[in-house]
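Here the structure is a predicted model, which means the values were calculated and not measured.
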Amino acid sequence: MFASICRRLLLRLRQIPSAAGTNPSWPPNPIDLHFHGNSTSAIAGATAFEPCPATVSYLISCGLSPVVAAAAAASRKLRIRSTYRADAVRALFRSYGFTDADITGIVRQAPQILTLDPDRILRPKLDLFASLEVQPRKLASTPVLFVRSLDKHLIPCIQFLRGILGTDVDVCRAISRNPRGLTAADLDRNMRPAVDTLRRLGLPEASILKLLTIDLTVLRISPDRMSQIFEDLKSLGLGVTDTGFVPGIRALCCIRRETWLQRVALYQSFGVSEGELLKAIKMQPTIPLYTDENIKKKLRFLLDELKLELSEVMRQPVVISYSLEKCIIPRCAVLSVLMREGKIQPNINLLSALLGSARNFSKRYVLRYAHEVPDVVKAYEGKIAFVGFRGRDVLDPQNP
């Protein structure tokens, strides 16, 4: 299906004099939209671009706030004197299943899309993504996809990915998980060298498939940087066939090596030994990705408020990936209520109780006791504050 779509699209493109030109069949009078590119001469000839009131007004009608609309019109040097084509662009997106909220997001991020020819420029791209069954809301998050060339970028890149991933289903899954990855890399400058490097470094084909399905942005990593990432992961004791190797690649691709080393030093400043840290990162490669402040806040809460042992936390490093405000603290509030009511013992294995899916925690500690102890529901909803496990009276005085 994908191949036939590509052939039809390429044939259609060859019949068009210029995919970037003006459609001679487009009505010349009803529409007068101009997108002024940021050329050197244009910038040199004007110190500032005064946003056109009509353009700002139209962008506001698309759902943008007045401030955002004015900034978008000025920064993009966008001028809309008639809404004929812009309305046609919005109608085209709606016909492909994009909601008004999706379209507002597209206009906010890439207002110049309103100036593109809907039938010649946009429709073939929408047909391509529709053939892969990529959902509109995924595409709306990265509207720059619609600015990239169809025949010079999108089709070649997708064909390249299909040759590695194997099926349109897998290509759809990869694009859907990170559409930005399809725009962040160039086929010959980034994508091919990246895959060649992964193979040269010994990553199995199945792992390459898994890695690209998880995050296409790894394809923009330079060969030298990728080689360094492999060295860093191997220094942790990870082999290319180990379960944590692929997540480790993805994690290290997200941060600079200097930041990686800084985070390692931060964990060690809490007293984590090198051996403990290596084992923890091997189990949960993402723990160095959180900001310094986030890491400090979580560790201080776990160690100071919950009185957990540092070695215990590092044996279960997945807890560091949990949201403190949305997950850990509400669960602690529930457990403290149950301790107060004598439903669970104070010497419960606290870390084991806190870990696990929301569904399992709710079933085990909230729904099970909701009838006998209604406060567990309030605690889980954040209506009863957690103030520690020091005694039986753990309710916030302001939330009786």
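Considering only heavy atoms from C-beta on, Glu231 comes within 4.5 Å of Gln228 through its side chain. In this structure, the side chains of Arg177 and Ile214 come closer than 4.5 Å at one or more pairs of heavy atoms. At least one side-chain heavy atom of Arg90 sits less than 4.5 Å from a side-chain heavy atom of Ser61. Under the 4.5 Å side-chain criterion, counting only non-hydrogen atoms from C-beta, Val377 is not in contact with Pro374. Proximity of Tyr365 to Val376: side-chain heavy atoms (C-beta onward) are nowhere separated by under 4.5 Å. Under the 4.5 Å side-chain criterion, counting only non-hydrogen atoms from C-beta, Glu312 is in contact with Arg315. Between Arg364 and Arg359, the closest side-chain pair of non-hydrogen atoms is not below 4.5 Å. Looking only at side-chain heavy atoms (C-beta outward), Lys282 and Leu278 stay at 4.5 Å or farther from each other.
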- Full working for salt bridge (Lys or Arg N to Asp or Glu O under 4.0 Å) between Arg300 and Asp304: CA-CA 5 Å; Arg300 285 169 179 161; Asp304 299 340; 5.7 Å; no
- Kindly determine whether Gln345 and Met339 satisfy side chain to side chain contact (heavy atoms under 4.5 Å, CB included), including the steps that lead there. CA-CA 6 Å; Gln345 296 300 314; Met339 287 182 190; over 6 Å; no
- Task: Please step through side chain to side chain contact (heavy atoms under 4.5 Å, CB included) for the pair Val264 and Leu266, ending with a clear verdict.
- Result: CA-CA 5 Å; Val264 169; Leu266 175 60; over 6 Å; no
- I would like to know whether Asp375 and Arg340 meet side chain to side chain contact (heavy atoms under 4.5 Å, CB included); could you show each step before the answer? CA-CA 11 Å; Asp375 279 350; Arg340 181 199 66 189; 3.2 Å; yes
- Message: Between Ser227 and Leu201, does the side chain to side chain contact (heavy atoms under 4.5 Å, CB included) criterion hold? Intermediate values first, please.
- Response: CA-CA 7 Å; Ser227 297; Leu201 294 172; 4.0 Å; yes
- Given salt bridge (Lys or Arg N to Asp or Glu O under 4.0 Å), test Arg256 with Glu258 step by step and report yes or no. CA-CA 5 Å; Arg256 294 181 299 111; Glu258 293 76 10; 3.4 Å; yes
- Full working for side-chain hydrogen bond (donor to acceptor under 3.5 Å, both in side chains) between Ser222 and Asp224: CA-CA 5 Å; Ser222 71; Asp224 288 344; 5.6 Å; no
- Item | Residue pair Arg220, Asp186: steps toward the salt bridge (Lys or Arg N to Asp or Glu O under 4.0 Å) verdict | CA-CA 8 Å; Arg220 63 180 177 174; Asp186 177 83; over 6 Å; no
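Ion pairing between Glu381 and Lys383 holds under the 4.0 Å rule for side-chain N and carboxylate O.
Distance check: Met226 CE to Leu203 CG gives 9.0 Å after rounding to the nearest 0.5 Å. Taking CG of Leu350 as the start and SG of Cys332 as the end, the distance is 5.5 Å to the nearest 0.5 Å. Rounding to the nearest 0.5 Å places CE of Met191 at 5.0 Å from CG of Leu219. Put simply, CD1 on Ile175 and CG on Leu212 are 11.5 Å apart, with the number rounded to the nearest 0.5 Å. For the atom pair CG of Leu182 and OG1 of Thr217, the computed distance is 12.0 Å after rounding to the nearest 0.5 Å. Here the straight-line distance linking atom CG of Asp196 with atom CZ of Arg200 works out to 9.0 Å at 0.5 Å rounding.
Judged purely by atom type and a 3.5 angstrom limit, Thr83 has no side-chain atom pairing as donor or acceptor with the backbone of Ala86. Under a 3.5 Å cut-off, the side chain of Gln284 and the backbone N or O of Ile281 do not form any donor-acceptor pair. At least one donor-acceptor pair under 3.5 Å links the side chain of Lys298 to the backbone N or O of Ile320. When atom types are taken as modelled, the side chain of Thr167 and the backbone of Asp170 share a donor-acceptor pair closer than 3.5 angstrom.
Donor-acceptor pairing under 3.5 Å is recorded for the side chains of Asp102 and Thr99.
Nearest heavy-atom pair across Pro136 and Tyr96 is CG-O, 3.5 Å. Looking at every heavy atom in both residues, Ile328 comes nearest to Val319 through CD1-O, 3.9 Å. Closest of all the heavy-atom pairs between Leu187 and Pro193 is O-CD, 4.1 Å. Scanning both residues, Pro124 and Leu150, for their nearest heavy atoms gives CB-CD2, 3.6 Å. Minimum heavy-atom separation, Phe270 to Leu310: O-CD2, 3.3 Å. Of all heavy-atom pairs spanning Arg108 and Gly63, the tightest one is NH2-O, 4.3 Å.
In the hydrophobic clustering of ILVMFWY residues, with side-chain heavy atoms under 4.5 Å counting as a link, Tyr322 and Val334 come out together. In the hydrophobic clustering of ILVMFWY residues, with side-chain heavy atoms under 4.5 Å counting as a link, Tyr290 and Ile255 come out together. Two different hydrophobic clusters hold Phe129 and Val169 under the rule that ILVMFWY side chains link at heavy-atom gaps under 4.5 Å. Clustering ILVMFWY residues whenever any of their side-chain heavy atoms sit less than 4.5 angstrom apart, transitively, puts Ile348 in the very cluster that holds Leu338. Hydrophobic clustering places Leu277 together with Leu303 (ILVMFWY residues linked when any side-chain heavy atoms are closer than 4.5 Å, directly or through intermediates).
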Validation: residues 233-254 side-chain donor-acceptor distances under 3.5 Å, sequence neighbours left out:
| residue | atom | partner | partner atom | Å |
| --- | --- | --- | --- | --- |
| Ser235 | OG | Asp232 | O | 2.5 |
| Asp242 | OD2 | Gly239 | N | 2.8 |

Please tabulate, for side-chain N and O atoms in residues 138-149, each donor-acceptor pair with protein atoms closer than 3.5 Å (sequence neighbours left out).
| residue | atom | partner | partner atom | Å |
| --- | --- | --- | --- | --- |
| Ser141 | OG | Lys138 | O | 2.6 |
| Arg148 | NH1 | Thr183 | O | 2.8 |
| Arg148 | NH2 | His153 | ND1 | 3.1 |
| Ser149 | OG | Asp151 | OD1 | 3.0 |
| Ser149 | OG | Lys152 | N | 3.1 |

Distance-only donor-acceptor hits, side chain of residues 351-358, under 3.5 Å, sequence neighbours excluded:
| residue | atom | partner | partner atom | Å |
| --- | --- | --- | --- | --- |
| Ser352 | OG | Asn349 | OD1 | 3.2 |
| Ser352 | OG | Asn349 | ND2 | 3.4 |
| Ser357 | OG | Asn360 | N | 3.1 |
| Ser357 | OG | Asn360 | ND2 | 3.3 |

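More than 12 heavy atoms of other residues, nucleotides or ligands lie within 6.0 Å of CD in Gln262, so this atom counts as buried by the packing criterion. Residue-environment remark: CZ (Arg94) exceeds the threshold of 12 foreign heavy atoms within 6.0 Å. Within a 6.0 Å radius of CZ in Arg368, no more than 12 heavy atoms belonging to other residues, nucleotides or ligands are found.
Less than 6.0 angstrom separates the ring centroid of Tyr380 from the ring centroid of Phe361.
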